[in-house]
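Notes for the one structure printed next.
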Amino acid sequence: MKYDRINGHDFYNMVVNASNRLLEESDFVNALNVFPVPDGDTGTNMSMTFKAAVKEIENLNSESIGETSKKLAKGALMGARGNSGVILSQILRGISKGLEGKTSVDSAELANAFVEGSKAAYKAVMKPTEGTILSVIRAASEGAIKSDKTDIVELLNEVVKEAKVMLDRTPDLLPALKKAKVVDSGGMGLYIILQGMHDALKDDIKAEIKDIVANGSTGTNAQGTEEIDIKFGYCTEFIILGDASKAKAFQDEIEPLGDSMIVVGYDDVIKVHIHTNDPGLVLSKAVTVGELSKIKIDNMREEHRELLTSKEEQEAAKQVEAEVAAEKKKYAFISVAMGEGITHVLKDLGVDYVIEGGQTMNPSTQDMMECISKLNADHIFILPNNKNIIMAATQASEISEKDVRVIPTKSIPQGITCITMFNAEHEVDENEAALMEALELVKTGSVTYAVRDTEMDGIEIKEGNMLGLVEGKINKVGNDYFEVAEEVLESMVDEDSELITIFYGKDVDESKIEEFTEKLEEKYEDCDVQFYKGDQPLYYFIMAVE
């Protein structure tokens with residue numbers, strides 16, 4: 001169809017279709033994580049942010065594109081998760097500014113709205129980095145402005161093309177992407193959104209909000225309790241080790257075989273994702289292009305049936321009641337953590353609310369706002385304990401009318417050190433300064449596992465290897481998490497160290513903890529060695545040296 005103008009109803013279909021597409025492909029976006037640790041959550045964060053945005057307009061039914069985009073931006077702002085989700089919310093906020101007060105817009109007005117979205121995204125980041133989602137939204141907006149198309153479908157087609165060109169360039173702009181042979185995950189998420197918006201107009205899609213499992217393999221309707229007709233039953237993903245210039249021709253060849261298709265080529269790698277009823281045929285065509293790797297095929301119909309069976313139990317598990325701090329007080333703390341043991345430690349130290357979250361599960365701005373609203377305190381401190389949660393926490397502090405201050409803790413040890421350094425007798429500014437200084441008093445190490453083969457800083461890493469990290473950077477690689485933990489501590493402890501604190505995760509062999517404790521106490525006889533059962537997932541050990 002041809003569109004000289006679009007209104008609120010058209011925009012609704014565009015963004016809902018984009019949200020559905022992003023939810024379907026969130027696992028694909030997650031897999032583009034550069035760092036080989038189990039925290040590739042960009043796709044999940046972006047899809048949950050966008051889902052919160054479209055839920056805000058679900059029952060609006062407004063002809064005004066200005067009103068629709070304003071509510072969409074509000075939903076994204078409150079639902080923002082992780083750095084990628086916060087940046088996405090700012091893009092939507094900027095687009096809303098460009099559409100403000102308008103019932104419908106033409107192609108030039110929509111192009112200006114994309115420019116506002118780009119400007120807002122760059123303003124949201126203190127030190128903008130090219131080769132990320134920022135580059136992709138900028139290229140998309142520049143493509144929109146340069147276009148002379150009056151048909152909005154044609155305009156969006158050029159926007160998508162420019163976004164794709166920049167997405168394919170991201171490995172050239174960021175060496176880490178090139179080394180890992182991936183494009184930027186946030187940029188990929190935005191590309192999928194833009195593609196979904198374009199397709200909604202091109203194919204005249206009357207979109208309905210869908211709830212789709214984050215791994216992109218199942219889907220239900222908004223109620224999530226009934227069977228759906230899945231047209232293409234097999235989610236098929238793989239990598240072709242071959243000439244990336246053949247990506248477009250291969251995309252054209254397999255397009256009739258399914259939907260939800262993404263084909264991205266860079267250097268000597270082509271990444272492919274498609275929903276199809278004949279994965280064998282797709283693979284047989286792919287093998288003529290190059291050698292195949294990382295093949296993954298999921299039966300979406302089967303997994304959907306399993307989802308329906310377990311939905312009731314899943315919903316019941318999510319019902320966790322928070323303690324309400326009803327009494328008036330001067331100070332209150334909100335912290336983020338995963339693991340029952342770590343949560344108990346934080347509460348014992350005086351944290352009022354511990355929001356469940358961390359790697360792979362970043363809480364939203366709304367999650368933090370709900371805790372803030374329940375606290376009857378003059379001053380509230382938030383300890384994010386994860387670098388990917390700081391932006392959402394900061395956004396909550398800016399929205400709240402209360403005095404909310406974010407201490408940018410990037411790890412559990414930093415958060416615990418801050419809460420122990422807090423003095424309830426001091427004034428708020430003095431406390432804030434002391435907590436900021438406390439961030440430098442602790443060294444943080446951890447042990448987790450590699451989720452894929454890669455090479456970083458000259459270190460060869462195989463999937464399943466134990467990874468020792470110091471301040472978030474890979475320090476040691478091995479096959480035994482106790483040995484790697486000991487090696488990491490060796491690189492952290494110096495002559496000034498006095499205290500070693502270790503939280504062990506839920507997957508650690510507890511029968512070996514006592515022996516390991518005695519070994520460390522003997523090795524570091526000048527340090528106080530403390531062990532706690534953290535019960536955290538993904539990380540065998542979280543370690544602090546002070």
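Side chains are part of it too, since the values below use all heavy atoms of this structure and drop only hydrogens, waters and symmetry mates.
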K533/E340 under salt bridge (charged side-chain N to carboxylate O under 4.0 Å, His left out): CA gap, chis, key distance, verdict
CA-CA 9 Å; K533 185 178 181 181; E340 187 176 345; over 6 Å; no
Please test D199 against N17 for side chain to side chain contact (heavy atoms under 4.5 Å, CB included), starting from the C-alpha separation and ending with a verdict.
CA-CA 8 Å; D199 291 351; N17 188 59; 4.1 Å; yes
Could you go step by step and tell me if R81 and T365 meet the side chain to side chain contact (heavy atoms under 4.5 Å, CB included) rule?
CA-CA 7 Å; R81 295 173 185 266; T365 300; over 6 Å; no
Trace of the side chain to side chain contact (heavy atoms under 4.5 Å, CB included) decision for Y504 with I542:
CA-CA 7 Å; Y504 61 91; I542 296 174; over 6 Å; no
For side-chain hydrogen bond (donor to acceptor under 3.5 Å, both in side chains), just list the numbers for S364 and D367, CA-CA rounded to whole Å, side-chain angles, deciding distance to a tenth of an Å, and then say yes or no.
CA-CA 5 Å; S364 68; D367 292 332; 3.2 Å; yes
Assess whether side chain to side chain contact (heavy atoms under 4.5 Å, CB included) is satisfied between E142 and E162, documenting all intermediate values.
CA-CA 8 Å; E142 289 173 353; E162 291 301 318; over 6 Å; no
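In this structure, the side chain to side chain donor-acceptor pair (under 3.5 Å) partners of E130, at least two apart in sequence or on a different chain, are Y122, S135, R138. The side chain to side chain donor-acceptor pair (under 3.5 Å) search around H9 returns none, not counting sequence neighbours. For the side-chain contact (heavy atoms from CB on, under 4.5 Å) test, residues two or more places apart in sequence or in another chain that qualify with K70 are S96.
We find the CD-OH distance between E370 and Y353 to be 10.0 Å, quoted to the nearest 0.5 Å. The line from CD1 of I209 to CD of E58 is 4.0 Å long, rounded to the nearest 0.5 Å. Note that CZ of R5 and CD1 of I65 are 9.5 Å apart. Values are rounded to the nearest 0.5 Å. From L88, atom CG reaches atom CG of N83 across 12.5 Å, with rounding to the nearest 0.5 Å. With rounding to the nearest 0.5 Å, the separation of CD1 in I474 from CG in L467 is 5.0 Å. Taking CG of D348 as the start and CD1 of I416 as the end, the distance is 10.5 Å to the nearest 0.5 Å.
Contact annotation: the side chain of T132 approaches that of L174 to within less than 4.5 Å [non-hydrogen atoms, C-beta and beyond]. Contact of the L22 side chain with the K51 side chain is not registered, since no non-hydrogen atoms from C-beta on lie closer than 4.5 Å.
Aromatic rings from F333 and F422 are positioned such that their centres are separated by under 6.0 Å.
Of all non-hydrogen atoms in C418 and L435, the two that sit nearest each other are O-CD2, 3.0 Å.
Under a 4.0 Å N-O distance rule, the pair R405/D429 qualifies as a salt bridge. Using a cut-off of 4.0 Å between Lys/Arg side-chain N and Asp/Glu carboxylate O, K402 and D378 are scored as not salt-bridged.
Within 6.0 Å of CD on E471 lie more than 12 heavy atoms contributed by other residues, nucleotides or ligands.
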